[in-house]
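First comes the structure, then the notes that go with it.
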Amino acid sequence: MSMNRRDFLKVSTSASGGLMLALNLPGCASVQTGYEEETGEWKANAWLELTTEGDVTFTLDRVEMGQGTYTGLTTLIAEELDVRPETIQVRFAPVAPEYRNPLIGLQLTGGSTSMAAGWQPLREAGASARWMLVMAAARVWRVEPAECSTQDGYVKHPNGLDSMPYRKLVELANREVIRGDVPLKPRAQWKYIGQQVGSRLDAEAKSTGTAVYGIDVELPGMVYAAMTRSPRYGGKALRFNRDRIRAMPGVVDAFVTERGVAVVADRYWRARKAQAALDVEWDFTDAIALSNEDVFEHYRRATNDDPGENERVEGDVEGVTANAEVLVEAEYEQPYLAHATMEPMNATAWYRKDMMEVWAPTQAPDLGRIAAARHTDLSPDQVTVHTTFLGGGFGRRLTQDFVEEAALVAYQVKVPVKLIWSREEDTRHGFFRPAMLHRMTGSLSGGQLTGWDHQIAGPQVLDWYVRNAAPAQYPWAPKFLYSTLGRVGLLVEGIATPKDISAIEGAVGYPYNVPNIRVRHTHTDPGVPITWWRSVGYSHNGFAVETFMDELADKAGEDPLDFRLRMLAEEPRHRRVLERAAELADWRQPPPEGRARGVALFKSFGTYVAQVVEAGIEHGEIRVYKVVCSVDCGQVVNPAIVEDQMTGGILFGLSAALYGDITFDNGEVRQSNFHDYRILQMHQTPEMVVDIINSEESPTGVGEPGVPPVIPALGNALFALTGRRQRKLPLKA
Amino acid sequence: MPFKLIVNGREHTLDVEPDTPLLWVLRDELGLKGTKFGCGAGLCGACTVHLNGQPARSCSTPVEMADGGEITTIEGLSSDGQLHPLQQAWIEQGVPQCGYCQSGQIMTAAHLLATHPSPDREQIVTAMTGNLCRCGTYPRIVAAVESVAGGVGQYQPAGEGA
């Protein structure tokens, strides 16, 4: 859908007489919102506000969780408005349909979409505002607007001497009309986009302890809550030693909720101490009772019984398989993974008559509103969600269980309440990256890969997500319809909700030129709660596809790099990152003694990433020495942030490759804290080289694409080192 | 029983239960939210403060253990509106991503530089490796500490034993 500037921007005057640019939803919105179109009067949907005092405020409609939207999207505005990025004040957007992610249809931050979605409209908003200011100045000076220029918040007179600050022009600029033909700056004039300038705009707040995260929210008379959830997902609390708990010091209230037993106290530590004294009787009728072995057994049976949905078919895989010279088969097992954000799940809520306010580090404030309203007498539009900085997200905070909990406690206690999960609760009661099973069959004839057959078994994330997402798309729907909407959302997949590609993403986009290809998905769900996890399907498909490519290269007796390159003749962007990474990693030279290299290539979220890992085994432990990464994400807005997201993604992937494993024992998660759900530490951090392809293609996301290739690249390096192929994660020395 | 704490140079008397972790006293009684809760078990370092000149995991330090002690938090690291050189370096190098662990990282680094003004890379890594970062900002943390190493003069952690 193309949007004309005239259609989606509207101008108005702020209460203080400033200039306001707001986002106007196009009439052909794909989702029926139920909201009346606002006209003229500015509401909560402003993007950009310039005041007569000289303040420039940008409303950031994507959340900041470390991935850099706060800096990156603000840079787009700054570039076209022609002000220095650090002079723009950033505020987090409230919930409004205008702030929905146009690529998703919900107000959420995920899928590495922010830059891709914001690239054009935000620059156009900045350019339109600048143009109105220039027009206003030209009228004052009685000169041609085209002869005026701007610099750092000033419009400059054609005479080169006079200038006027934006703040003096905003009232006049209000009278200008946006036309559809405001040109964007040519690339050669960019001062901030693609330049290595300045720091991240949130760096100072985050280096002085002043950035406000969800856990830092403070309200008058606030109390604290701890929630004890069923040790096995799906269990229900029946009763508990309420009298004893309520008599404990500082305890305000204690009660059974839909989510478990809530203990509320005047201080957080007192809530925790009272929680420790809880004796809860559970009803495990609907609780899961599985162990890890059951999960993969379940997948294997499903894979045998159900060939699954064909997601991509080219040529005749079965025919070529039957006649293959060499048939290679492999099965890959990948475990459940936790997100382990450094800031544990938390939310603060305050219920008053006919309204509720929620403060939350959430990736999806409009879904948070649904979750908050769910167990109250409120409708979603009576819930206000204030988004804070997020201490990590990685997909975990797309699921709104933590908001739902805080809201239902607040509804009971009627005073502001902050609910904070312990690290143990955060690890055990997460929504996880799904465990998946992959069955691969490759046909080789004369050293050529002639057939690729990939069967994926496992659940779909959307099944767990629609519970809040479907009602959020229809916020006018009465609450008794929520569960129906959740089911309908699934039934009419592709209409009300997008097709769920979470299980197959990265597998259907298999880039190698093979004449016979089949990719199938056997949809099966063992009942463990799941959600998105930094790169989601690409993370497990990346491991399966790129490990199996390595196995096939080995069976074909060919260098794994050459084997891949040969089949990428028609994929120049894939080829280029692969060649660059190999060259920078000295692929053609032997590695140092005791080390081996592995390579992997994966495109995700529109971004191409190739990585070469150099690894060895020292004192019985896997040691990663070096990772070379080449990335093509189109036009780069902030090179430092691209580099950060690649190195961060590499370390995130290595944590999964080396340690990531959430295991179940009779329905209970075994892991609890950072000692048994480990993440990479500084002393394990390899040397990392990030090469960014200079590109003028439209920008694509970088938050996630650094993750998928590193896991197979490490596995492939270990195979080169030991000759032993590992088909199960995490990898072992 | 009231406890006495000297936090960022100011004395406070607090009436809290003796096993209350110092972290919650700093955050909820004194309103110093810069110190973060990460794991509650001394495993991640997000809650690192200086207690009598030593880095301490405030999430697993009962307030009674800190009684009478001098404490420096991230809010007390800069003085007179002047950022600590490490904070300056953190900003210049663009270290923080989500930023949640960075108060603890900076407090650990500040103690390192206070005791070893010119650490080499190995010393930096050894001192810092107990502080976890899920975003993976480790390379920029090392670069930021290295950029300051050898140049820190003014800041000394409060209390003895540094």
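Each chain gets a letter, A, B and so on, in the order its sequence line appears, and its residues count up from 1.
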Inspect the contact between B/Glu29 and A/Arg267 and indicate whether a charged nitrogen and a carboxylate oxygen are less than 4.0 angstrom apart.
yes
Q: Report yes if the side chains of A/Asp216 and B/Arg27 come closer than 4.5 Å at any heavy-atom pair, otherwise no.
A: yes
Most heavy-atom pairs under 4.5 Å with chain B, out of A/Glu64, A/Arg270, A/Gln67, belong to A/Arg270
Please tell me whether A/Trp269 and B/Asp28 have a donor and an acceptor in their side chains that are separated by less than 3.5 angstrom. no
Indicate yes or no for a side-chain donor-acceptor contact from B/Tyr138 to the backbone of A/Gln684 under 3.5 Å, with no hydrogens or angles considered.
no
Checklist entry - Going by heavy atoms in the side chains, are A/Glu218 and B/Lys33 under 4.5 Å from each other? => result yes
Among B/Cys133, B/Pro96, B/Gly136, B/Gly34, the residue with the most heavy-atom pairs under 4.5 Å to chain A is B/Pro96
Counting heavy-atom pairs under 4.5 Å with chain B, the top scorer among A/Ile215, A/Thr685, A/Leu390 is A/Ile215
B/Ile91 side chain near A/Arg200 side chain, heavy-atom distance below 4.5 Å: no
Correct closest heavy-atom pair for A/Gly391 and B/Cys98 would be C-SG, 3.5 Å
The reported gap from CZ in B/Phe37 to OG in A/Ser422 (rounded to nearest 0.5 angstrom) is 6.0 Å
Most heavy-atom pairs under 4.5 Å with chain A, out of B/Val16, B/Thr73, B/Val25, B/Thr20, belong to B/Thr20
Whatever's closer than 4.5 Å to a heavy atom in chain B on A/Ile420 counts as side chain
Scanning both residues in full, the closest heavy-atom pair of B/Leu83 with A/Thr208 reads CD2-CG2, 3.5 Å
Of the listed B/Cys44, B/Cys39, B/Cys135, the one with the largest count of heavy-atom pairs under 4.5 Å with chain A is B/Cys39
Of the listed A/Met65, A/His683, A/Glu343, the one with the largest count of heavy-atom pairs under 4.5 Å with chain B is A/Glu343
Under 4.5 Å to a heavy atom of chain B? For A/Met688 that would be side chain
May I ask you to test the B/Leu132-A/Met342 pair for a side-chain heavy-atom distance under 4.5 Å?
yes
Comparing A/Gly209, A/Gly250, A/Gly68 against chain B, the one with the most heavy-atom pairs below 4.5 Å turns out to be A/Gly209
So CE of A/Met682 and OG1 of B/Thr137: to nearest 0.5 Å the spacing works out to 7.0 Å
* To do: Would you mind reporting whether B/Gln87 and A/Lys206 have side-chain heavy atoms less than 4.5 Å apart?
  => no
Of the listed A/Thr210, A/Leu654, A/Leu651, A/Asp644, the one with the largest count of heavy-atom pairs under 4.5 Å with chain B is A/Asp644
Report yes if the side chains of A/Phe394 and B/Arg134 come closer than 4.5 Å at any heavy-atom pair, otherwise no. yes
Close side-chain approach of A/Ser207 and B/Val95, heavy atoms under 4.5 Å: no
Assert top hit (heavy-atom pairs under 4.5 Å, partner chain A, pool B/Gly38, B/Cys101, B/Gly94) equals B/Gly38
d(A/His675 NE2, B/Leu43 CG) to nearest 0.5 Å is 7.0 Å
Counting heavy-atom pairs under 4.5 angstrom with chain B, the leader among A/Gly392, A/Ala340, A/Ser655 is A/Ala340
Any side-chain heavy atom of B/Gln97 within less than 4.5 Å of one from A/Gln645? yes
Over 60° means perpendicular and under 30° means parallel, so tell me whether A/Tyr213 and B/Tyr100 are parallel, tilted or perpendicular.
perpendicular
